[in-house]
Structures are given as C-alpha cells and as structure tokens.
Amino acid sequence: MFQKRPVNPVRLHHPIQPGSEAPFAEPGLQHGFDAIIAPIVSLAEEGQRDIIRVTFDGTHGADFQSILQKTVESLEHSGHRVFVLGTSSFLKTSEELRQHFNPNITDNRAFGYFTEGTIEDYFRPNAKYEASIIMNDAVAAIPSSELPTIFITFGPGSYWLGEGMFDITYFLDVSREYQQMEHKQQLLNFGFSWNRDSVEKYKISLFVEWPIFETYRKQILELTHYYIDMNQPGDPVLTTTYTLRQMIFNIAKAPMRVKPFFAPGVWGGQFLKKFADLPEDWTNCGWGFEPIAPENSIILEYEGKQIEVPFLTIMHYEHHNILGERLVKLFGDYFPIRFDYLDTIGGSNLSVQVHPKQEYVRNQFNEFMTQQESYYIMEKKGDTKVYLGLTEQCTKEGFYEAVQTAQETGVPIQFTDYVNSYAAEKGDLYLIPTGTVHASGTDNLVLEISSTTWWFTFKIYDYLRKGLDGKPRPINIDHAFDNIDFYKKTEWVEENLIPTPTLLQAQGDNEEYVLGQRDDLLFYVHRVHLNNTWKANTENEMVMYNLVEGEQVRIVSCADESIFVEFRYAESYILPADFGEYKIINLGKEPCKLIKAGVSKAWDVSLLEA
C-alpha cells in the first residue's frame, strides 16, 4: 500500500541530550500541552526572579490560541499573575500592508514579484518601542508577590518584537500543506483582514509571506529554546531546538522520503485519488508532490515518537551533506530537483502552456530558478496524447490571434493546428526546456521530473474552462508569447525532445539507461532496469529515485547494512551526497524499473546571483 506518512527514523545508538540552553528540558520528543507548560512552571518554582519573560513565536497558521489559553489557565491556577502581549497589536493595518507589498502582490491574478523584505515590514515603525513601553508600564504596576509574574509575548514575530529578551522561547511551526488547508477554511494571510479568494491567498503567501517568514525561521530557530510541531493542533509535539538539530543531522545521512502532498485540479483525474486513498469528497486529484522541497514536510521518528518538520528546515541545516559541495556552490541550500505527479486519468487535458526563460523569470518575478521540465509517462488508459512543440505551419501571429480571439469570443479553437500531438506510451520521456509549448493529454499519469519551481506556468489556451472555484482560470498570453521558442517545431522537437533510451551500463542482467539529458536542462533522467541487485555510488552528489514499475525495492548502504529503506511503486526517495556506495535490491517477484534523477554533471551555471 502507498505510504502517505513515510517515517524517517533517527538511527542512533545513544540517546540525544536535550542541550544545556533550554531551561528544564526533558530529553527526546514530548506530546501534549503539559510538556510545553512544564518548563515555565519549573522556572517559576525556582523562585529566583520576580518576572519571567516567555515568547511563543512561530509560523502563521499555527494554533497559538490553544497554547496560550492552556498556558495562562495553568499558570493562573498555580497563583501566578500572567500578562499577555500579542504581536497583532503592533502590526501595520491590513490596507497599509497591501499598499506596502503592492509591488510584490501586483494586479496580476496569478503572479507577483518575490519580496526581499524582512519581518520588520509587517510592523509599525515604532513597534519595538511601543511594546517596550507597555511592558515597562506593566512591570511598574505589579504588586509585590511571593510568586513571579509571567509575561508572555505571542504570535509570529514575537521574538523580534521583544528583541530576544526572553527567559524561555518557543517556536510553533506548521507545514505549508497545513497552511494551505487552513486557507481553504478561514485563515487569511498574515496581517490581512480580507482576501479576494484562495488564489490570492496562495499568491500573497508565495511572493510575500513565505519568503519573509521562512527566512525569519532560519534566523531565529537556532536562538530558540523549544520547537513545537503544531501540525496536529490537539496533540502538539515538543522538543528542544538542540535535539531537533541532532535528529536532522542524523536523518540527513540516510535515504529520506518527504511526506507526499496532494491537491485537486480542474483537469485532475481519479488514479491518484484511488491509489493514495484520498478523501472521498475530493472531486479528483490533479497533483502529487514528492518532493517539491518548499512545499513538503518530512516526518522524523525518534524513540517511537514522531515530529513533522518543513523540509526547508532540513535543507537549511544539512544542505552540504544532502546536496554535496558542487551543488551547494550552484544552488546554496535550495533543493534543485522535483518529482511530482500530474494525473489526468479520468480527467482532462492540462492547459496548453509554456515556462519562462531564466532571465525573464528573474527580471519579471525575482524568481530564483526557471522551470525546466520533463514528462515521464508512468501510466495511461487507452490512446493518450502528449502535446509538445509547434506544428510546422504555426506562426507567432496566427497562434496569438487564435488564442486571443478564443478568449474574447468564447469560441473554442482546434489547438492542434498549432501544437504537435504525439501518441504517448508507458515509459516514454518528453523533454521540456523553457520556451517549449506543451501539455499532457487526458488519461495519463505523468511523473514530472523538473527543476524545483512550480508556479510559473504561463497558460496559453485552457479550453475556456473555469477553475474549481467557478472563476475563469488565469490566462497569461502576453507572458507566454514573450517566452515561446517558435523554432521548436515538429522536426526540431522530434530530433531534440523525444529521446531514445541509451544503455549506459550493465551489471549482470540489470541495466541503466540514459533517458534524457540536454545542455539546457539542469537535470538528467536515467532508468534502472532491476532484476535482482544493482550497486551504485552517490559520488558526493544527491540522487533521487522513484519506483515506476514493480512491487518493492530496498536501498541499503554498503558501508553499514543496518541503514536501509524499503519502498513501493510510485514512492520516491532522496539519497544524500554523503550516503556513498549503496545497493538496490529487488524485493518483488517481477523485474522492476526505477527512475533515477539528479543534477547533470555538465550543469555549471550558478543560480545564486542574479
């Protein structure tokens, strides 16, 4: 059965100490609200100070209120005075934030401009001073007591607001997946009093909120005593940041699998919904992300308990061990390759689309990396199509006029007059460099092997359909036509973008093929045909695998055979650079095939600078 909550075990032969910095820390992972409150109570019982300053900082969307309520109730029940200060009192107004971030939000329905702002941009200019005055006045008004008074500052940005002057510090965290689920309910963007719709929520998150808060998390996490996983709000998981750091260090030396993230789409199919046992009330499932590093979280297990952490945090701490030094020089702590599924089995065509060039995406959107793609046909039902490149008779003027007229009149066009149509077969690979017009047709399950961006899809033609929200889907004709390579027509496409597998090496009756590699793609795609056992080496660079045919395989370290993972069809694993020599063992009764991907050895373009 497909594993939706894969666990990454912390493989240690000795217990992790909680570290010396966190007051009254217990070892390991602890569940529940009592564990969170206990260090505050213990510090208060010491009786060595009249005032104890506590902060609950963290990610927008985490349930601060439940933590705060239970903490205040417990402390007051013990006879302590509690003074509470929320960061929301010091934010700019919603309209001030809209105005401040307007260059990043833009008036485009789908696209913005990535901010280079900081946490300070959310707050009024004198926020720190105002907070200190309130705090000092409150301290001056405290009557004498045998018990210390507890001052709690809470909410995103509270560590910054209090300038780090706290006795106990907590960081409450949730995944992007959790935030997006909450966005579908009532959660608004941080500091905003209203949102137009879910598309705008995602856009503001992507271009403003996440860049600021995920950078802020990097900056303060090491300065924080305790980390709290709030992805299950009723059962928070507490650990010290020192313990978290040690667990991350350990798991980053072995094969890792992120927690898959699924989402419906207007064109989505039914294969993933059934295969991954997704909720019955979903109309379909369009996407399966595994991994798209910024979007996914990862589950760590230590001494029988689990904690969920954003994969970005793993990369922040361990990118050298995971990527290897060559890739770090090219990408920093950014994970450069993604796997994701596009399911149209029982659904409909993806939009006819194109992805922007590197210079364009940098200049227009301040995006780090362009979207280079490939489609691997993993499953299909009946006669299916992939649309790739332009027909020989297609002209820029004719194509533009056709799609523009369709949008204005609501009359569909025969898009295959302009875009090539190819019969798709299971195991086929189609390469999609930037500037290439493309789409997956109905009844395909595509494994997309790509560079790690995912939002910059310029829709050229979308069959005049509306989104799942009932609103017209954003069409980006002008952006698209600024990026289409009109020389990529039928003959060129067939010579350059539909490669024939080439045998790279054999080990007995096992083989490795090069499926696709180009100078303008930062990734390579290989396929391992496995009958029994295959031996390989990471060679100091990250490698990714997905089991595209077969039942189950084991990947095991040759240096230490106690370090291994087993995974099934459609599951993906990341092998860190440090993993070294390994074996892949076929555990099924039939031969199997694995897609292998990584950064091309020929790719030497650093994306760290504009």
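Counting from 1, the numbers follow the sequence of the chain as shown. Any value given below was found using the heavy atoms of this structure, including those in side chains, with hydrogens, waters and symmetry copies removed. For clarity, every value in this text was computed on a predicted model and none was experimentally measured.
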Do the side chain of K273 and the main chain of L278 share a donor and acceptor less than 3.5 angstrom apart? no
Are a donor atom and an acceptor atom from the side chains of T71 and S74 found within less than 3.5 Å of each other? no
Distance-only check: which donor-acceptor pairs under 3.5 Å involve side-chain atoms of residues 156-168, not counting sequence neighbours?
| unit_1 | atom_1 | unit_2 | atom_2 | d |
| --- | --- | --- | --- | --- |
| S158 | OG | T55 | OG1 | 2.6 |
| S158 | OG | F56 | O | 3.3 |
| S158 | OG | D57 | N | 3.4 |
| S158 | OG | G155 | O | 3.1 |
| D167 | OD1 | R49 | NH1 | 2.9 |
| D167 | OD2 | R53 | N | 2.7 |

Results of ring pair (Phe, Tyr, Trp, His ring centres under 6.0 Å) for F101 - residues two or more places apart only: Y122
Can you give me every donor-acceptor pair (side chain of residues 325-334, partner residue at least two apart or in another chain, under 3.5 Å) with its distance?
| unit_1 | atom_1 | unit_2 | atom_2 | d |
| --- | --- | --- | --- | --- |
| E325 | OE1 | H320 | ND1 | 3.2 |
| E325 | OE2 | H320 | ND1 | 2.9 |
| R326 | NE | E541 | OE2 | 2.4 |
| R326 | NH1 | W603 | O | 2.9 |
| R326 | NH2 | E541 | OE1 | 3.2 |
| R326 | NH2 | E541 | OE2 | 3.4 |
| R326 | NH2 | S600 | O | 3.0 |
| D333 | OD2 | K218 | NZ | 2.8 |
| Y334 | OH | T452 | O | 2.4 |

Between R338 and E295 (salt bridge meaning N to carboxylate O under 4.0 Å), is one present in this structure? no
Students often mix this up, so state it plainly: with edges at 30° and 60°, are the rings of F83 and F151 parallel, tilted or perpendicular? tilted
Pi-cation contact, F33 with K70 (under 6.0 Å, within 45°): yes
Keeping the roles fixed (side chain from T538, backbone from A577), state whether a donor-acceptor pair exists under 3.5 Å. yes
Begin with the C-alpha distance, continue with both residues' side-chain angles, and end with the deciding distance and a verdict on ring-ring contact (aromatic ring centres under 6.0 Å, His included) for Y545 and Y573. CA-CA 5 Å; Y545 282 99; Y573 264 87; 9.9 Å; no
Let me see the working for N195 and E200 under side-chain hydrogen bond (donor to acceptor under 3.5 Å, both in side chains), right down to the final yes or no. CA-CA 7 Å; N195 282 116; E200 189 194 56; 3.1 Å; yes
Check this for me: D50, atom CG, are more than 12 non-hydrogen atoms of other residues, nucleotides or ligands nearer than 6.0 Å? no
Enumerate the residue pairs fulfilling side chain to side chain donor-acceptor pair (under 3.5 Å) with a member in residues 225-235, sequence neighbours excluded, ordered by first and then second residue. H31-D235, T169-H225, D173-Y227, S175-N231, D229-N231
Indicate yes or no for a side-chain donor-acceptor contact from S78 to the backbone of H80 under 3.5 Å, with no hydrogens or angles considered. no
Check for a donor-acceptor pair, side chain of K583 on one end and backbone N or O of C558 on the other, with a separation under 3.5 Å. no
Pair Y202, W210 - check ring-ring contact (aromatic ring centres under 6.0 Å, His included), show working. CA-CA 10 Å; Y202 189 88; W210 291 335; 5.3 Å; yes
Determine whether more than 12 heavy atoms belonging to other residues, nucleotides or ligands lie under 6.0 Å from atom CD of E76. yes
Kindly compute the distance separating CD1 (I204) from OG1 (T115), expressed to the nearest 0.5 Å. 12.5 Å
Enumerate the residue pairs fulfilling salt bridge (Lys or Arg N to Asp or Glu O under 4.0 Å) with a member in residues 238-260, sequence neighbours excluded, ordered by first and then second residue. E177-K259, R245-E318, K253-D578, R257-E290, R257-E571, K259-E308
Test of understanding: with side chain to side chain contact (heavy atoms under 4.5 Å, CB included), list the residues that count as partners of N540, not counting sequence neighbours. none
Below 30° counts as parallel, above 60° as perpendicular, anything between as tilted: where do the rings of F207 and F456 land? perpendicular
I would like to know whether S66 and D63 meet side-chain hydrogen bond (donor to acceptor under 3.5 Å, both in side chains); could you show each step before the answer? CA-CA 6 Å; S66 65; D63 189 356; 3.1 Å; yes
CD of E116: more than 12 outside heavy atoms within 6.0 angstrom? no
Any salt bridge between E214 and R176, counting N to O under 4.0 Å? yes
